[in-house]
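Counting starts at 1 for both ligands and their atoms, following the listed order. Small disclaimer: the values here were computed from a predicted structure and weren't measured.
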Amino acid sequence: MRLQTRIVVLFLALMLAIQLAGFAIIRAGIQQNARTEIGTQLAAGERVLDRLLAQSAQKLTQGARLLAADYGFREALASDDRETIGSALGNHSGRIGATLALLYGLDGAERARSAVPSLAQADAATGAWINRLIAQAERDGDAAGTRVIDGRLHQVVVVPVKAPIPIAWVAMGFAVDEELARDLRQLSLLHVSFVDRRDGRHTVLGSTLSEAARAALAQQAPDIAFPSAALGELELVGESFGMRVHPVGAGQTGAATFAVLQRSIEEAIAPYRRLQLTLLLLTAFGLAASVLGSVLTARRITRPVLDLVNGARLLARGDYSVRVQVPQRDEIGQLASAFNQMSEGLSVRERQITRLAYWDTLTGLPNRVQFVDKLREALERNRKQERMCSVLMMDLDRFKVVNDVLGHQIGDVLLREAAERLMIGLAGRTDLIARLGGDEFAVLLEGESPEAAVQWGRSILLALEAPFSVQGQTVDLRASIGIAGYPAHGTEGTLLLSRAEVAMYTSKSRNAGILVYDPRFDENSQRNLSLMTELKQAIEQNQFVLLYQPKVHIASGEVWGGEALIRWAHPQRGFVPPDRFIPFAEQTGFIRDITRWVLRQAVTQCAAWRARGHAWSIAVNLSTRDLMDLELPQWLGELLQAHGVPPAAIGLEITESAIMEDPARALQTLELLDGMGFGLSIDDFGTGYSSLAYLKRLPIQELKIDKSFVMSLNRDADDAIIVRATVDLAHNLGVKVVAEGVESAEIWSMLRALGCDLGQGYHLSKPVRPEEFERWAMHGYSEAAA
Ligand code: C2E
Ligand code: CA
Ligand code: CA
């Protein structure tokens with residue numbers, strides 16, 4: 001049952017019970033009251049009846065006395081003038097309205113009677129009864145009595161006719177019936193009936209009751225306890241009466257007359273009926289009012305409760321804007337305000353959760369979840385408009401190393417900075433830019449073909465080129481970019497994203513900078529997965545080979561030694577160039593194992609040559625990771641000692657960018673290696689951003705000008721200027737200069753003219769196996785031979 005209904009029903013039931021109880025109590029009170037009143041009225045009526053009877057007896061007595069004193073009457077008695085006697089009886093009785101007038105002689109015999117028409121005859125029994133009254137009057141002066149005579153109840157008085165002694169007796173009587181009863185009823189509101197009992201039969205002689213009631217009374221009379229002064233109740237023709245029985249005359253034996261006084265209970269209650277009706281109306285009004293009141297109260301309670309229920313449903317559906325308006329200040333009002341606070345709290349928390357779920361807190365950019373969502377929406381849009389778009393994914397190179405080495409705090413700063421550069425590179429394009437996680441960023445370029453996206457990629461890489469400066473340190477951050485285009489490379493967001501990722505990883509492993517997705521990359525990336533295990537196998541199964549490329553003093557043609565360059569002879573794939581696995585090994589950290597393998601190989605080779613009297617040095621390439629490997633210097637020292645090779649016979653080539661990734665740390669390692677006596681060389685010089693002023697602080701003996709400047713030295717005037725400037729500056733710093741990528745005799749002689757110290761390149765020899773190197777170096781370099 002609904003709460004509202006329950007409240008209303010409860011209120012109603014209570015109200016009804018109270019009203020009914022009140023009604024019943026009042027009704028009982030009224031009945032009680034009416035009965036008491038009826039009792040009083042009946043008692044009073046009894047007295048009035050006695051009084052009326054007494055009055056009429058007095059009236060009769062006076063009338064009879066007047067007659068007895070009448071001179072003419074007495075004359076007539078004396079003379080026994082029957083006619084006069086008769087008329088005197090008639091006159092006197094007629095004057096007072098008596099219905100019976102008789103004259104008795106002293107002997108007790110009737111001498112005359114009036115010509116009262118109603119009186120038919122006085123029987124013998126009546127004569128005897130009158131004689132008894134006469135006997136009483138002889139004693140008391142007069143006598144009165146009541147008796148049914150000729151079918152009617154009579155009140156009869158007897159007085160003597162004195163002359164001066166009694167000479168006769170006059171009996172005079174009234175019929176006590178309807179009239180008296182009516183008088184009584186008028187005076188007392190009571191019904192009165194005269195009942196005569198004779199020989200066990202009851203006759204109603206006169207009554208104010210209706211004919212039917214009269215008959216009913218006669219019928220019930222045997223059950224009424226006569227005579228009784230007690231109060232009783234009587235039901236006649238469907239009406240209830242309070243009743244009292246009053247004896248009015250005793251007749252001959254076995255006969256008696258009673259007045260039955262009745263008061264209608266209904267009549268007595270009638271005045272209260274109005275009161276009851278008023279009360280009933282009041283009850284009805286009270287009920288109506290309580291229904292209204294309870295409905296209103298229930299509404300007051302249930303309306304806000306329903307509002308709260310609806311509010312809770314909306315909340316459950318995720319609508320946190322719901323507020324329940326309850327003006328009340330009671331508990332329900334408090335509940336509503338608590339509910340509103342809850343809703344508010346939920347919405348705040350939801351906003352926070354959404355922020356965490358859809359935004360990257362570090363850079364303030366959207367995160368992967370949001371990017372994927374928005375990408376799906378954008379593709380939907382572009383599908384309808386038949387527009388192209390491109391997904392660009394960018395990953396910082398070697399960021400993991402930077403993060404590990406410099407600490408996460410600086411890593412975070414760098415990531416924020418990288419995000420800003422990314423936006424600079426996009427030149428204010430309001431495209432969707434997201435940080436997917438780690439050092440991975442993604443950009444959605446709407447309306448751009450993959451080819452156009454490549455231009456944007458270039459712009460981003462350009463923005464990243466300037467070194468980052470964090471807490472006084474300069475850090476070089478490079479990035480690899482992969483691009484996938486809609487609809488050429490996929491029509492679904494997640495597919496496009498994963499293809500951009502494949503392109504990005506391929507670009508990274510190839511050091512390509514930017515690559516647009518190509519289905520062949522998938523195979524590559526598949527291959528990359530197995531590359532790691534294969535690299536491990538390569539060392540175990542001796543698949544690596546170390547070749548040596550001569551480094552020669554330009555001025556003298558004397559062989560300094562050779563640069564060790566690794567080769568991988570893969571059993572299935574065949575020859576794998578170092579560019580295809582060195583960057584991968586650097587990313588995964590496997591370069592550590594490769595470097596140690598190369599060093600072991602090179603030192604062994606160096607020892608072998610030295611044993612045969614060749615004092616050739618060997619240059620080995622080191623990667624960024626190797627500079628972070630704090631155990632390397634000691635390991636290398638032990639290795640040299642084991643083979644009896646002096647550190648000066650080993651040159652270490654480190655690329656400029658490897659140093660710039662973590663200059664402080666690099667400096668530390670370089671100083672350590674320098675202290676141990678190794679010759680240190682800056683490789684690929686000119687491709688990075690390190691200034692010579694900075695390099696001055698490094699403990700290096702050699703600069704290796706990148707082959708890109710050397711190879712076109714004979715064709716490009718700028719390259720010549722760069723080489724010349726580098727040579728001059730290096731010499732000023734007391735550092736030797738090596739040119740790699742010497743492909744022709746022309747370049748060789750130009751380098752000599754520029755004062756370059758050492759040369760290396762295909763013009764002299766390609767990287768070759770140690771036996772071949774030995775053969776080549778034994779003859780030394782002669783321009784004629786080359
Ligand atoms: P790099 O250290 O700059 O090595 C020189 C590269 O230039 C070698 O390529 C060599 O074959 C090539 N080269 C020599 N003379 C000429 C020339 O006259 N013209 C042209 N066009 N190229 C010439 P390679 O052997 O393919 O090695 C590529 C890169 O792989 C190396 O560049 C180096 O960075 C890396 N690498 C090779 N071996 C190792 C290694 O053992 N350890 C480490 N960490 N990196 C290695
Ligand atoms: Ca090198
Ligand atoms: Ca180089």
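Using a 4.0 Å cutoff on heavy atoms, Val598 counts as a contact of ligand 1. For Lys766, the closest heavy-atom approach to ligand 1 does not fall below 4.0 Å. Contact annotation: Pro577 has no heavy atom less than 4.0 Å from any atom of ligand 1.
To the nearest 0.5 Å, atom CZ of residue Phe399 and atom CD of residue Glu440 are 12.5 Å apart. Separation of atoms OG (Ser507) and CG (Asp397) is listed at 7.5 Å; rounding is to 0.5 Å. Separating the CG atom in Asp684 from the CG atom in Asp706 is a distance of 4.5 Å, to the nearest 0.5 Å.
Close approach of ligand 1 to Ser623 (heavy-atom distance below 4.0 Å) involves ligand atoms 44 (N). In summary, the atoms of ligand 1 found under 4.0 Å from a heavy atom of Gly761, numbered by their order in the structure, are 15 (N), 18 (O). Every atom of ligand 1 is numbered from 1 in the order shown, and the set under 4.0 Å from a heavy atom of Val742 is 18 (O). Of all atoms in ligand 1, listed by their number and element, those nearer than 4.0 Å to a heavy atom of Asp684 are 3 (O). Short contacts between ligand 1 and Met711, defined as distances under 4.0 Å to a heavy atom of the residue, involve ligand atoms 19 (N), 20 (C), 21 (N). Those atoms of ligand 1 that come under 4.0 Å of a heavy atom in Pro767, given as number and element, are 11 (O).
Comment: Lys704 engages Glu653 in a salt bridge, judged by a side-chain N to carboxylate O separation of less than 4.0 angstrom. Salt-bridge annotation for Arg421 and Glu417: present, with a side-chain N of the basic residue lying under 4.0 Å from a carboxylate O of the acidic one.
The Ca ion (ligand 2) is closest to atom OD2 of Asp683 (considering only N, O or S atoms). The nearest N/O/S atom of Glu653 to the Ca ion (ligand 2) is OE1. Taking the N/O/S atoms of Glu563 in turn, the shortest distance to the Ca ion (ligand 2) belongs to OE2.
Residues meeting the ring-ring contact (aromatic ring centres under 6.0 Å, His included) test with Trp616, sequence neighbours left out: Trp609, His614, Phe773. For Gln641, there are no side-chain contact (heavy atoms from CB on, under 4.5 Å) partners, not counting sequence neighbours.
For the side-chain hydrogen bond (donor to acceptor under 3.5 Å, both in side chains) with Gln549, the lone residue among Glu563, Lys766, Gln760 that qualifies is Gln760.
The Ca ion (ligand 2) has no N, O or S atom of Ser681 inside 3.0 Å of it.
Enclosure of atom CZ in Arg724 is not indicated, since only 12 or fewer non-hydrogen atoms of other residues, nucleotides or ligands lie within 6.0 angstrom. Residue-environment remark: CD (Gln409) stays at or below the threshold of 12 foreign heavy atoms within 6.0 Å.
At least one N or O atom of Gln549, backbone or side chain, sits closer than 3.5 Å to an N or O atom of ligand 1. On a distance-only criterion, Leu622 and ligand 1 share no N/O pair closer than 3.5 Å. In terms of N/O distances under 3.5 Å, ligand 1 is approached by Asp683.
Checking His763, Glu743, Glu586, Lys704 against atom 20 (C) of ligand 1, the nearest heavy atom belongs to Glu743. Ranked by closest heavy atom to atom 33 (C) of ligand 1, the top entry among Ile747, Asn621, Asp706 is Asn621.
Neither the backbone nor the side chain of Leu547 has a heavy atom within less than 4.0 Å of ligand 1.
Between the side chains of Gln634 and Glu638, a donor-acceptor pair is found at a separation under 3.5 Å.
Using cut-offs of 30° and 60° for the angle between ring planes, the Phe544 and Trp568 rings count as tilted.
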